[in-house]
Structure formats: C-alpha cells, structure tokens
Amino acid sequence: MMKFAHQLERLMAMDDATWERHANPWSGWTRIPILPLLALSFWSRVWIGWWCLVPFLVLVVWTFWNPRAFARPASTNNWMSKVTFGERVWLNADVHPIPDHHARMTSYLSVMAGLGLVPLMWGLWALNSWAVVLGLVVTVVGKLWQMDRMVWIYEDMKGQVPEYAAWSR
C-alpha cells in the first residue's frame, strides 16, 4: 500500500513547495468532485461518443495541476489543510512511524474506497446507473473518512515531530 502511495507521489511530482500550495483548502476541496466528474465524462460517451475523451483528459490534467494551482495559504488552521499534512505524515511513516491503530484504519479505508471502484467501473461499462451511484458513494465516503483520519494522524503526530508542527501557520 505504501509503495503504491510513494509511486503516486512521485508521479504527481510532489516536492515541498507543491505540498505547501496543496495545503490551500481550495486545492483539496476542488479535488473532491474529480471522481464523479470522471465518471460523468466516461458515461457521456453515450451522448457525445469519442468526444467524451476531451473532458476526461481535462480532468486528468486538472488532477496533476491542482496541487500547483493555488497559492500557499496564509493560514493552515482548517480541516482541509490538515488533511494534506496528514497525507504527508502518512507518506513519511517509514521515517517517523505512525501509531498502529492509524495505519490499520487507513488501510481499511483504502480498501473500502477501492472496493467502491468495482461497482463504479462495472456500472460505467454496463451503463448501470445504480452501480455507478453505489460505487461513487462507497468510494467517496471511504475517501472522505480516510481524509478525516489524515487530520487525526497529523494532530497526533505534530507533537512528536517538530517538522510536522512547523507546517502549521
């Protein structure tokens, strides 16, 4: 799980400056609708044929550009900024291990979100709206719950690692 997360971080080219910009709440909140919009763009093949690739590709580009799109926030005293900090803490668990209960729950929530992709993808392929909605709900709820766990991880770890506490402003 962690190896995959590190590969995604490298793919997204996340450096310290990008992470600082990604801590802007606008960055986090504007990422939440990406999966439903990707699903809609794929479903739109019914209406617009191969032109469905245009919104799909725009969303893929937005996914990469989003952490760089917003300015470094003046304040990080908000839930969404702490989500970003928690993600960084979680990705750095090989250097500063996170408590087992957090690691375990984060894994469960990742599996939950991943399981939602099964009915989502099948529903998009078969054009079954109930499967798409079920998949989106399970995946998005799992991801939002995982995001809340990231805040909790950050809050628990910032007292133990001075670098983490320094991210707050």
Side-chain angles (χ1 to χ4, degrees), residues 1-41 55-56 58-117 120 133 135-169:
M1 182 81 69
M2 289 301 291
K3 188 175 183 179
F4 178 70
H6 284 292
Q7 290 171 341
L8 281 178
E9 182 185 27
R10 278 193 295 281
L11 179 67
M12 291 293 294
M14 298 294 287
D15 58 14
D16 287 342
T18 304
W19 276 110
E20 282 189 27
R21 293 171 72 101
H22 189 37
N24 187 316
W26 282 100
S27 180
W29 290 117
T30 57
R31 289 178 73 85
I32 290 174
I34 289 174
L35 183 62
L37 290 172
L38 283 169
L40 179 62
S41 72
F56 184 85
V58 166
L59 287 163
V60 169
V61 169
W62 172 246
T63 301
F64 179 81
W65 186 58
N66 173 280
R68 298 153 184 81
F70 301 95
R72 180 179 180 257
S75 170
T76 59
N77 189 23
N78 61 77
W79 186 82
M80 189 56 81
S81 292
K82 292 176 183 180
V83 168
T84 305
F85 297 159
E87 289 174 346
R88 291 182 77 181
V89 169
W90 182 67
L91 286 167
N92 200 32
D94 52 341
V95 176
H96 300 287
I98 60 174
D100 285 342
H101 66 282
H102 286 312
R104 217 175 13 262
M105 189 62 178
T106 301
S107 294
Y108 296 154
L109 294 170
S110 292
V111 168
M112 176 184 169
L115 287 175
L117 293 175
L120 173 61
V133 170
L136 282 171
V137 167
V138 171
T139 300
V140 171
V141 167
K143 182 59 180 171
L144 288 171
W145 193 354
Q146 186 182 47
M147 289 167 65
D148 192 59
R149 178 58 63 149
M150 291 297 147
V151 174
W152 190 356
I153 290 170
Y154 172 68
E155 292 294 345
D156 282 359
M157 294 297 292
K158 72 179 183 182
Q160 298 176 29
V161 181
E163 173 190 354
Y164 299 162
W167 295 338
S168 260
R169 54 184 174 281

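The shortest side-chain heavy-atom distance between I32 and M80 falls under the 4.5 Å cut-off.
Atom CH2 of W62 has more than 12 heavy atoms from other residues, nucleotides or ligands within 6.0 Å. Sparse packing is recorded around CG of N77, with 12 or fewer heavy atoms of other residues, nucleotides or ligands lying under 6.0 Å away. For W79, the CH2 atom counts as densely surrounded, since its 6.0 Å shell holds more than 12 non-hydrogen atoms of other residues, nucleotides or ligands.
Rounding to the nearest 0.5 Å gives a distance of 10.5 Å between CZ of R104 and CD1 of I98. Expressed to the nearest 0.5 Å, how far CE of M150 lies from CE of M147 amounts to 10.0 Å. Distance check, rounded to the nearest 0.5 Å: CG of D156 to CD1 of I153 gives 8.5 Å. Going from atom CE of M157 over to atom CH2 of W90 covers 14.0 Å, rounded to the nearest 0.5 Å. The distance from the CG atom of L136 to the OG1 atom of T139 is 6.5 Å, given to the nearest 0.5 Å.
Under the salt bridge (charged side-chain N to carboxylate O under 4.0 Å, His left out) criterion, the residue pairs touching residues 70-81 are E20-R72, with sequence neighbours excluded. Identified under the salt bridge (charged side-chain N to carboxylate O under 4.0 Å, His left out) test for residues 159-169, with sequence neighbours left out: none.
Taking the side-chain contact (heavy atoms from CB on, under 4.5 Å) definition, one finds that F56 meets it with L38, S41, V60, sequence neighbours left out. Legend: residues meeting ring pair (Phe, Tyr, Trp, His ring centres under 6.0 Å) with W152, ordered by chain and number and at least two apart, are H102. Remark: H96 engages Y164 in a ring pair (Phe, Tyr, Trp, His ring centres under 6.0 Å) (not counting sequence neighbours). With sequence neighbours excluded, the residues forming a ring pair (Phe, Tyr, Trp, His ring centres under 6.0 Å) with F85 are Y154, W167, listed by chain and number.
The two residues Q146 and S110 have their closest heavy-atom pair at NE2-OG, 2.7 Å. Nearest heavy atoms, S81 versus T76: CB-O, 3.5 Å. Annotation for S27 and N66: closest pair OG-OD1, 2.6 Å, computed over non-hydrogen atoms. Across R88 and D16, no two heavy atoms sit closer than the pair NH2-OD1, 2.9 Å. Considering every non-hydrogen atom in both R21 and P67, the closest pair reads CB-O, 3.3 Å. Between P97 and V95 the shortest heavy-atom distance is CD-O, 3.6 Å.
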Apply side chain to side chain contact (heavy atoms under 4.5 Å, CB included) to D94 and N92, showing your working. CA-CA 5 Å; D94 52 341; N92 200 32; 4.2 Å; yes

Determine, stepwise, if the pair V83 / E87 fulfils side chain to side chain contact (heavy atoms under 4.5 Å, CB included). CA-CA 6 Å; V83 168; E87 289 174 346; 4.1 Å; yes

Under the side chain to side chain contact (heavy atoms under 4.5 Å, CB included) rule, what do E155 and K82 come out as? Steps first, then yes or no, please. CA-CA 8 Å; E155 292 294 345; K82 292 176 183 180; 2.9 Å; yes

One pair to check against side chain to side chain contact (heavy atoms under 4.5 Å, CB included): L35 and L120. What are the steps and the verdict? CA-CA 10 Å; L35 183 62; L120 173 61; 4.0 Å; yes

